[in-house]
Amino acid sequence: MTKTVIDSAVPAREAAAAATGRAVAPRAGFIGAGFMATVHSRAARAAGAELSAVASSSGRSAESAAARLGLGRAYDSVDELLADDDIDIIHVCTPNTTHARFALAALDAGKHVVCEKPLATTVGDAAALARRAETSGLSATVPFVYRFHPMVREARARVQAGETGRLLSITGGYLQDWLAEPLADDWRVSAELGGPSRAFADIGSHLVDLLEFVTGDRIARLNATTRTVYGDRGDNRDIATEDLVALVVEMSGGAVGTLLVSQVAPGRKNSLVLEIAGTEQSIRFDQERPEELWLGRRSGSQLLLRDPETLAPDAARLSTVPSGHPMGYQDAFNSFIADSYAATAGAAPDGLPTFADGLRAVHVTAAVLESHVSGAWVEVSA
Ligand code: SOE
């Protein structure tokens with residue numbers, strides 16, 4: 001039995017890399033101190049990164065996050081963080097309207113980037129970021145993390161293998177209730193911090209990314225209607241961002257679908273569901289039951305349970321624990337960050353969501369808002 005000798009003189013990152021055969025994990029810096037910064041930091045630690053530093057809305061907030069999350073040095077400003085030569089990758093975990101500015105500055109500072117979605121709140125900013133990332137040669141990813149549930153990869157592999165036949169129809173939804181109370185408030189509610197779209201930019205983007213990722217098809221045009229249920233919430237008055245949106249989509253391949261996105265659906269906590277129907281078979285994935293995949297047929301429908309020994313290779317790759325040991329949201333996030341870090345070392349993991357995918361989501365979001373205003377079908381830019 002090989003005994004791994006931990007040589008205290010060798011930094012933990014190099015030792016972890018030697019033990020796992022992975023590339024040395026990068027030294028990570030974080031901008032932001034909220035829920036997503038916490039999720040990112042857990043995933044970074046699981047990937048063997050050195051959590052080197054943090055900047056936030058203030059020096060005090062950075063110090064608190066550094067102490068609470070073990071993020072190393074606390075900086076008074078983002079500029080000081082980006083000037084730190086001992087940081088390889090930046091995690092942008094701040095309100096939406098700051099993403100573009102911070103992600104661009106990080107790329108310009110020669111840092112790899114993981115930027116929370118939405119990548120930007122305008123198509124122009126998102127396109128500029130995608131171009132900058134492309135020319136930089138750096139890894140620049142966006143956490144469309146639901147792609148990293150193994151059973152999502154299994155669904156995608158079965159579609160790619162032709163099991164579903166020609167795609168005919170899609171039903172999907174992403175329902176939450178954390179804003180269902182009239183007085184529930186959040187920075188996302190304000191267009192000034194969250195951008196012009198709220199529910200769709202925040203979670204509808206996940207649904208559409210999952211739809212296009214699993215089917216390999218693209219939304220060609222859509223017709224959307226949004227609702228702002230509460231015009232005033234706490235300190236936010238005259239709210240223009242949407243609580244919910246219903247849309248009909250037509251895919252490039254001819255399939256049609258209906259999608260509902262809401263953050264005011266009582267009892268629904270993080271209910272992301274996608275069901276596709278083809279000429280041969282239907283497939284349904286429910287994010288709150290990520291160990292399962294429903295395969296629907298005229299006869300012999302199945303509920304497939306995650307078992308790495310029977311999954312497609314890409315699904316088995318992401319199965320970090322055996323069957324019967326349920327994987328969940330943080331596991332998917334951990335796999336996303338591990339693949340993002342591998343990309344900083346030159347790897348090209350299958351299905352890694354990059355700034356190009358972030359731009360795609362911003363294009364779809366813009367089409368949703370345009371269609372709501374015009375009431376007409378809107379073509380979605382490629
Ligand atoms: C809030 O709606 C939120 O945290 C989103 O911002 C995440 O992207 C989603 O995965 C869970 O819900």
Side-chain angles (χ1 to χ4, degrees), residues 30-43 91-99 102-103 114-121 126 141-149 151-152 172-181 184-191 193-213 226 228-230 233 236 239 241-245 259-274 285-290 327-337 340 353 355 357-358 360-362 364-365 368:
F30 299 82
I31 307 176
F35 165 66
M36 290 318 297
T38 304
V39 172
H40 280 244
S41 66
R42 290 184 194 132
H91 292 250
V92 179
C93 305
T94 52
N96 299 347
T97 50
T98 65
H99 290 176
F102 290 152
V114 180
C115 182
E116 263 299 327
K117 21 81 33 216
L119 178 62
T121 55
T141 61
V142 177
F144 288 123
V145 293
Y146 299 112
R147 296 184 179 195
F148 288 81
H149 282 302
M151 298 313 273
V152 167
Y174 198 156
L175 307 178
Q176 297 177 331
D177 69 0
W178 63 284
L179 286 171
E181 298 291 336
D185 204 354
D186 183 78
W187 58 260
R188 290 178 179 82
V189 172
S190 147
L193 286 175
S197 167
R198 180 196 346 133
F200 194 86
D202 186 20
I203 60 174
S205 55
H206 279 300
L207 176 58
V208 165
D209 177 76
L210 200 65
L211 164 56
E212 296 190 335
F213 181 69
T226 74
T228 299
V229 174
Y230 302 111
R233 287 174 178 273
N236 278 301
I239 296 165
T241 61
E242 79 281 4
D243 289 304
L244 60 93
V245 52
L259 307 177
L260 178 64
V261 175
S262 172
Q263 294 182 312
V264 291
R268 291 300 184 190
K269 303 307 176 184
N270 202 36
S271 178
L272 167 58
V273 177
L274 176 68
F285 176 77
D286 178 346
Q287 194 281 139
E288 291 182 343
R289 303 177 66 87
M327 297 181 71
Y329 170 78
Q330 187 69 53
D331 295 298
F333 217 104
N334 293 357
S335 293
F336 160 68
I337 292 295
S340 293
F355 277 17
D357 300 291
R360 173 66 184 166
V362 174
V364 179
T365 302
V368 164

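Every number for a ligand or one of its atoms is a count from 1 in the order of the listing. These numbers come from a predicted model, not from an experiment. Along the sequence shown, residues are numbered consecutively beginning with 1.
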Atoms in ligand 1 flagged as close to [X], the criterion being non-hydrogen separation under 4.0 Å:
X	value
Tyr146	9 (C), 10 (O), 11 (C)
His206	7 (C), 8 (O), 9 (C), 10 (O)
Tyr174	9 (C), 10 (O), 11 (C)
Gln263	2 (O)
Ile203	2 (O)
Asn270	11 (C)
Gln176	2 (O), 11 (C), 12 (O)

Are [X] and [Y] close enough that some pair of their side-chain heavy atoms sits under 4.5 Å apart?
X	Y	result
Ile203	Gln263	yes
Arg233	Asp243	yes
Asp357	Val142	no

Item to complete: Can you establish whether the number of heavy atoms outside Arg268 located under 6.0 Å from its atom CZ is more than 12?
Response: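 No, because the 6.0 Å sphere around CZ of Arg268 holds 12 heavy atoms or fewer from other groups.
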Worksheet item: Would you find more than 12 non-hydrogen atoms of other residues, nucleotides or ligands less than 6.0 Å from Glu288 atom CD?
Response: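 Yes, CD of Glu288 has more than 12 neighbouring heavy atoms, counting only those of other groups under 6.0 Å.
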Item to complete: Quick one: look up the protein heavy atom nearest atom 1 (C) of ligand 1 and list residue, atom name and how far away it is.
Response: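 Atom 1 (C) of ligand 1 sits closest to the protein heavy atom Asp202 OD2, 3.4 Å.
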Fill in: Protein heavy-atom partner closest to atom 4 (O) of ligand 1 - residue, atom, separation in Å
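Of every protein heavy atom, Phe35 CE2, 3.9 Å lies nearest to atom 4 (O) of ligand 1.
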Item to complete: Using a 4.0 Å heavy-atom cut-off, say whether Arg188 meets ligand 1 through its side chain, its backbone, both or neither.
Response: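 It is the side chain that gets close, since no backbone atom is under 4.0 Å.
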Worksheet item: Does some non-hydrogen atom of Lys117 fall short of 4.0 Å from ligand 1?
Response: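 A heavy atom of Lys117 does come that close to ligand 1.
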Fill in: Any side-chain donor near an acceptor of the partner, Tyr146 and Asn270, under 3.5 Å
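Tyr146 vs Asn270: donor-acceptor pair found between side chains.
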Fill in: Side chain Glu116, main chain Pro143, donor-acceptor under 3.5 Å
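It does not hold such a pair.
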Worksheet item: With a 6.0 Å cut-off on ring centres, are Phe333 and His40 close enough?
Response: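 That pair passes the under 6.0 Å test.
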